[in-house]
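Structure first, then comments.
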There are 2 protein chains.
Amino acid sequence: MAESDAKGGAEAAAKDATDASAATPRARYRAQVRAEVKEHAWKQIAEAGASALSLNAIAKQMGVSGPALYRYFAGRDELITELIRDAYRSLADAVRAAAATGAGVRRLAHVLRGWALADPHRYFLIFGTPVPGYHAPEDITGISQEIMADLLAACAALGPDAPGEGAGGARAGASVAEPSAAFDAHIAGHRDWAGGLAAPPAVLRRALAFWTRLHGVLSLELAGHFAGMGFDPALLYEAELDGLLGPEGMPGG
Amino acid sequence: MAESDAKGGAEAAAKDATDASAATPRARYRAQVRAEVKEHAWKQIAEAGASALSLNAIAKQMGVSGPALYRYFAGRDELITELIRDAYRSLADAVRAAAATGAGVRRLAHVLRGWALADPHRYFLIFGTPVPGYHAPEDITGISQEIMADLLAACAALGPDAPGEGAGGARAGASVAEPSAAFDAHIAGHRDWAGGLAAPPAVLRRALAFWTRLHGVLSLELAGHFAGMGFDPALLYEAELDGLLGPEGMPGG
DNA sequence: AAAGTTTCGTTAGAAGGTATCACGAAAGCG
DNA sequence: CGCTTTCGTGATACCTTCTAACGAAACTTT
């Protein structure tokens with residue numbers, strides 16, 4: 001029953017092993033070792049990417065034997081899942097901290113870019129090539145909903161007739177408002193992801209555009225696809241942001 | 001000297017091993033085996049992703065021993081590089097074929113999406129998480145420039161004052177034309193990637209926006225980030241396309 | 001056609017990875 | 001102090017990439 005205990009213990013301790021100040025000394029030690037493993041894992045990922053992550057190498061670096069780590073993580077997959085969770089939480093915290101100081105969408109975008117540039121591998125862990133069989137646990141989707149909620153709130157703060165193409169108000173004729181109206185009609189009926197927020201469809205569409213457009217520039221930049229092209233990705237990012245926000249420069253941004 | 005011969009042979013044959021109808025029977029056989037290996041590799045990638053690609057498994061499927069494949073590929077990296085090259089070529093061919101029939105940007109965008117959905121793993125092989133130490137060979141960057149040239153031509157066909165936010169003409173005031181003008185000034189000085197094409201900065205900017213925005217939607221969709229959100233990614237893709245093109249619907253699109 | 005050379009595919013093996021098992025030692029708990 | 005749980009270890013099985021050496025097959029040349 002040693003193996004089932006180790007498994008059950010790992011799962012049971014997963015709740016309180018996250019906080020360092022647990023009740024029992026056992027759990028506290030567990031949490032510390034788990035944290036140390038993840039620390040080495042992040043270092044290894046930053047150096048050679050997530051695909052090169054090796055439990056064996058981490059164990060060697062920590063001065064213990066390979067199988068020792070299996071007392072703390074069920075396997076490589078569980079460790080990676082944990083790292084993905086930490087990455088999501090890190091991004092959510094960064095976004096929330098900015099939003100708490102009243103940051104607008106523009107500032108949020110800069111927070112996102114700064115967070116991504118600080119550790120590209122961490123960004124790709126979330127938004128990069130998905131692992132074939134992997135399905136994110138419940139709590140991770142919850143964290144991503146936190147991020148979306150903050151983004152949605154920032155977009156709602158812009159007002160329903162905010163500038164930008166297709167948003168409705170600022171355009172000359174109805175010729176431009178039409179295409180987004182078609183999507184607005186669709187998104188109005190599929191707003192489960194917006195939580196309880198009673199935002200108009202234009203706001204939902206704006207939040208989606210923010211996400212996809214910034215990710216588009218950011219991921220191509222981080223992957224090096226702009227490498228030989230000469231221009232500054234930061235300026236392209238800013239240009240997309242301008243197109244999204246309009247030039248008047250939101251006060252909180 | 002067998003090993004240096006095998007290496008040199010592989011490199012020398014790499015040129016004519018690509019076309020199936022080579023001069024010598026040796027080269028023809030080589031080309032056939034290499035093609036068969038890649039075929040199995042694609043199947044394996046489609047099933048479990050590029051990270052799960054195993055030379056050993058391919059050899060087993062082909063009924064030969066593991067090391068036999070090292071006569072045809074220097075290693076796993078060379079095989080993957082070859083697959084990336086094929087993926088780029090496949091995309092470039094698809095784009096060029098569409099462009100040859102006079103397809104506009106809208107149709108090009110649909111070709112891109114169709115190509116990506118046909119094999120998501122192939123898309124991620126190009127635009128997904130980059131492998132840490134990998135640098136694309138010269139000819140691969142050449143193929144990507146082909147794609148960019150076609151996109152650029154299609155964008156130029158739209159005319160310099162085409163619709164879309166920040167392009168200049170269709171907007172009500174100068175307040176919206178300003179932000180993109182800032183980027184236009186920058187991109188005007190860094191247009192090495194545009195080849196010899198004498199396109200105005202607005203066209204370059206438009207092509208860049210096409211690439212980044214469509215990739216933004218597409219990559220998030222393929223990675224499953226829209227999974228639990230309920231809306232139809234195809235409609236979001238279309239909405240972004242509309243925002244890029246304007247609603248009047250290009251004739252060739 | 002025979003001889004020579006190149007290439008091919010094999011087995012063997014090194015080095016490294018994940019993951020399991022069984023055992024002894026350490027540490028917490030009653 | 002003793003019982004119980006947990007921890008770390010070495011051994012082991014099986015996977016991977018990749019190199020080396022050898023025999024056989026095939027192409028080339030004489």
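- Partners of B:Arg85 according to the side-chain hydrogen bond (donor to acceptor under 3.5 Å, both in side chains) rule, which considers only residues two or more places apart in sequence or in another chain, are B:Asp139.
- Residues satisfying the salt bridge (charged side-chain N to carboxylate O under 4.0 Å, His left out) test with B:Arg113, not counting sequence neighbours, are B:Glu221.
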What are the atom names and distances for every N/O pair under 3.5 Å that joins the protein to nucleotides 10-13 of chain C?
residue	atom	partner	partner atom	Å
C:dT10	OP2	B:Ser65	N	2.7
C:dT10	OP2	B:Ser65	OG	3.0

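- Remark: B:Thr212 pairs with A:Val217, A:Leu220, A:Phe226, A:Leu236, A:Glu240 by the side chain to side chain contact (heavy atoms under 4.5 Å, CB included) rule, at least two apart or across chains.
- Here the side chains of B:Leu91 and B:Ile147 are in contact, with some heavy-atom distance below 4.5 Å.
- With sequence neighbours excluded, no residue forms a ring pair (Phe, Tyr, Trp, His ring centres under 6.0 Å) with B:His121.
- One finds a side-chain N or O of A:Ser54 lying less than 4.0 angstrom from the OP1 or OP2 phosphate oxygen of C:dT18.
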Review point. When you check every protein heavy atom under 4.0 Å of nucleotides 24-30 of chain D, what one-letter string (B, S, -) results, 5' to 3'?
Key: ---SS--
Could you pull out all donor-acceptor pairs under 3.5 Å where a side-chain atom in residues 49-56 of chain A meets a protein atom, sequence neighbours excluded?
residue	atom	partner	partner atom	Å
A:Ser54	OG	A:Asn56	N	3.3
A:Ser54	OG	A:Ala57	N	3.0

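- By the side-chain hydrogen bond (donor to acceptor under 3.5 Å, both in side chains) test, B:Arg96 pairs with B:Asp150, sequence neighbours left out.
- For A:Tyr29, taking side-chain heavy atoms from C-beta onward, the closest of the listed nucleotides C:dT20, D:dC18, D:dC7 is D:dC7.
- Looking at residues two or more places apart in sequence or on another chain, you find no side-chain hydrogen bond (donor to acceptor under 3.5 Å, both in side chains) involving A:Asp232.
- Residues passing the ring pair (Phe, Tyr, Trp, His ring centres under 6.0 Å) test with A:His135, sequence neighbours excluded: none.
- Taking the screw axis at each terminus of the helix from C:dA1-D:dT30 to C:dG30-D:dC1 from five consecutive base pairs, the angle between the two is 10° to within rounding of 10 degrees.
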Taking only nitrogen or oxygen atoms into account, show me every contact under 3.5 Å that the protein makes with nucleotides 1-4 of chain C, one pair per line with its distance.
none

